[in-house]
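First comes the structure, then the notes that go with it.
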Amino acid sequence: MKKSGFYCLLFILLLGIFAGCGTPKNSEPTKQEDNGKIKVMVSFNAMREIVEAVGKEKVEVQTIIPDGTEPHDFEPKASDLEGLHSAKIFVYNGFDMEKSWVDKALEAADNKNLIVVEAAKGAEPLPATGAEEIESGAQNDPHLWLSLKGAEIEAKNVQDALIKADPANKDFYEANYKIFYDQLETLYQEYNQKFQSVANKNFVTGHAAFAYLSRDFGLKQNSVEDVFAEGEPSAKKLKELTDYCKTNHIKTIFVEDMVSPKVSETLANEVGAKAEKIYTLESKEDNKDYLQSMRDNLEKIYQSLK
């Protein structure tokens, strides 16, 4: 999106905000005040999953990027950002995931009391290596939430924000975080043992979203597309992938939602593998929550390595 277009949208948003500035303080209560829940805006589904795991019934979560929209390419409209003005907390992933719009959106929201949470803060980033990412100025692979260890960090940052917003329920948020953390650790320990038992550590995905998961378990990801799933792979890249799959006896090519399956399916046919769905959690899929989606991912990857 051209800068001029983006700023026009932000100007429209600001007009709407300022139009409401004259409303008396004792007028109709906000949604948050009315139902007693903390209004939390999040950038996309994975952040929603983590916020709801820690906040449970005390939070009301609104997602800016709708399901079915590729977060890497999202260009917000003014209407997408209106909720930021009345929200108590805004959670975004960080690590360049929302880099193209988040700062401008926060400035336009003009919410001085908004608690802003970069969920990935405190984690060790992996570099974005694709040519498209480098050209766009992205430095980091954003997919931290697809790591169980990464999710632990992101959930802790969410817990701290909820306590800041609602200190009276500190024990509630800490207890929920501890439950979620223990579930993540149990899943990690289970699959760390499984992955240690297999000699093959190589798997292939549609786009390079699983580097942090690979770091957790000592695996090696190869992919049809780069970190931000931009463009079609070259003939040279496909030849390299075909050779890689044959050399490493790849039995499964994983396909993600919102990434075109055509090339992955062609590759699978070429090397005698099957194409199988894997979750990125960028959208809500098959009505699975975070832990269900990650268990499904880990089991499929493990089975593909046996």
Side-chain angles (χ1 to χ4, degrees), residues 44-47 49-50 70-72 93-97 119-120 123-130 132-133 138-154 184 187-188 190-192 194-196 198 200-230 233 237 240-241 244-245 248 250-261 263-265 267-268 273-283 285-286 288-306:
F44 64 102
N45 176 68
M47 299 301 101
E49 299 285 351
I50 293 172
E70 175 52 68
H72 304 132
N93 182 74
F95 280 5
D96 295 331
M97 184 68 166
E124 182 181 349
L126 291 168
T129 55
E132 293 285 344
E133 291 79 60
Q139 297 179 341
N140 302 306
D141 179 338
H143 299 92
L144 182 68
W145 70 90
L146 288 168
S147 152
L148 299 175
K149 294 296 185 180
E152 292 173 2
I153 293 170
E154 298 202 314
L184 292 169
L187 193 58
Y188 171 79
E190 177 185 345
Y191 278 91
N192 190 46
K194 287 185 174 182
F195 287 129
Q196 295 305 316
V198 293
N200 182 18
K201 308 292 184 182
N202 303 285
F203 68 106
V204 175
T205 59
H207 86 290
F210 298 89
Y212 292 100
L213 181 151
S214 297
R215 183 170 72 181
D216 280 354
F217 298 107
L219 305 178
K220 183 179 178 182
Q221 169 195 232
N222 207 330
S223 62
V224 175
E225 299 178 11
D226 290 325
V227 172
F228 290 102
E230 299 285 351
K237 170 71 171 175
E240 290 172 351
L241 270 172
Y244 176 88
C245 291
N248 291 282
I250 299 297
K251 298 183 292 184
T252 304
I253 308 296
F254 292 107
V255 181
E256 304 91 70
D257 189 37
M258 295 184 293
V259 176
S260 173
V263 178
S264 296
E265 290 170 351
L267 176 63
K274 64 180 178 179
E276 189 167 17
K277 181 177 180 179
I278 197 170
Y279 298 112
T280 65
L281 286 136
E282 291 174 8
S283 292
E285 297 180 64
D286 300 334
K288 293 180 183 290
D289 64 18
Y290 180 88
L291 288 163
Q292 292 168 332
S293 298
M294 288 302 297
R295 174 173 286 280
D296 192 271
N297 285 350
L298 292 167
E299 182 62 24
K300 285 177 178 175
I301 293 171
Y302 169 65
Q303 291 296 331
S304 77
L305 301 178
K306 291 173 67 177

> Has the side chain of Lys251 got a donor or acceptor atom that lies under 3.5 Å from a matching backbone atom of Lys306?
Replying inline: yes
> At their closest point, which heavy atom of Leu146 faces which heavy atom of Leu213, and how far apart are they?
Replying inline: O-CB, 3.3 Å
> Distance from Phe203 atom CZ to Ser223 atom OG, nearest 0.5 Å?
Replying inline: 9.5 Å
> Quick one: side chain to side chain donor-acceptor pair (under 3.5 Å) partners of Asp216, sequence neighbours excluded?
Replying inline: Ser147
>> Under the rule for salt bridge (charged side-chain N to carboxylate O under 4.0 Å, His left out), what residues qualify as partners of Arg215, not counting sequence neighbours?
In response: none
> Can you name the closest pair of heavy atoms from Lys288 and Ser293 and give their distance?
Replying inline: CB-OG, 3.4 Å
>> My understanding is that only residues two or more places apart in sequence, or in another chain, count here; which of them pass side chain to side chain contact (heavy atoms under 4.5 Å, CB included) with Asn222?
In response: Val204, Lys237, Leu241, Tyr244
>> Restricting to salt bridge (charged side-chain N to carboxylate O under 4.0 Å, His left out), what partner residues turn up for Glu190, sequence neighbours left out?
In response: Lys194, Arg295
> Is there a donor-acceptor pair under 3.5 Å between the side chain of Thr252 and the backbone N or O of Phe254?
Replying inline: no
>> Please enumerate all residues that pass ring pair (Phe, Tyr, Trp, His ring centres under 6.0 Å) together with Phe195, with sequence neighbours excluded.
In response: Phe217
> Counting distance only, does the side-chain N/O of Asn140 pair as donor-acceptor with the main-chain N or O of Asp96 below 3.5 Å?
Replying inline: no
>> Holding to ring pair (Phe, Tyr, Trp, His ring centres under 6.0 Å), I want the full list of residues that pass it with Phe44, two or more places apart in sequence or in another chain.
In response: Trp145
> Looking only at heavy atoms, which two atoms of Ala123 and Ile153 are closest? And how far apart?
Replying inline: CB-CD1, 3.7 Å
>> So, using side chain to side chain donor-acceptor pair (under 3.5 Å) as the criterion, who are the partners of Thr205 when residues are at least two apart?
In response: Gln221
> Who are the salt bridge (charged side-chain N to carboxylate O under 4.0 Å, His left out) partners of Asp289, not counting sequence neighbours?
Replying inline: none
> Quick one: side chain to side chain donor-acceptor pair (under 3.5 Å) partners of Tyr290, sequence neighbours excluded?
Replying inline: none
> Under 3.5 Å, side chain of Asp141 to main-chain N/O of Ala211, donor-acceptor pair present?
Replying inline: no
> Sequence neighbours excluded, which residues qualify as salt bridge (charged side-chain N to carboxylate O under 4.0 Å, His left out) partners of Glu285?
Replying inline: Lys277
> In chain order, what residues pass the side chain to side chain donor-acceptor pair (under 3.5 Å) check against Tyr191, with sequence neighbours excluded?
Replying inline: Glu299
> Quick one: side chain to side chain contact (heavy atoms under 4.5 Å, CB included) partners of Val263, sequence neighbours excluded?
Replying inline: Val224, Glu232, Pro233, Leu238
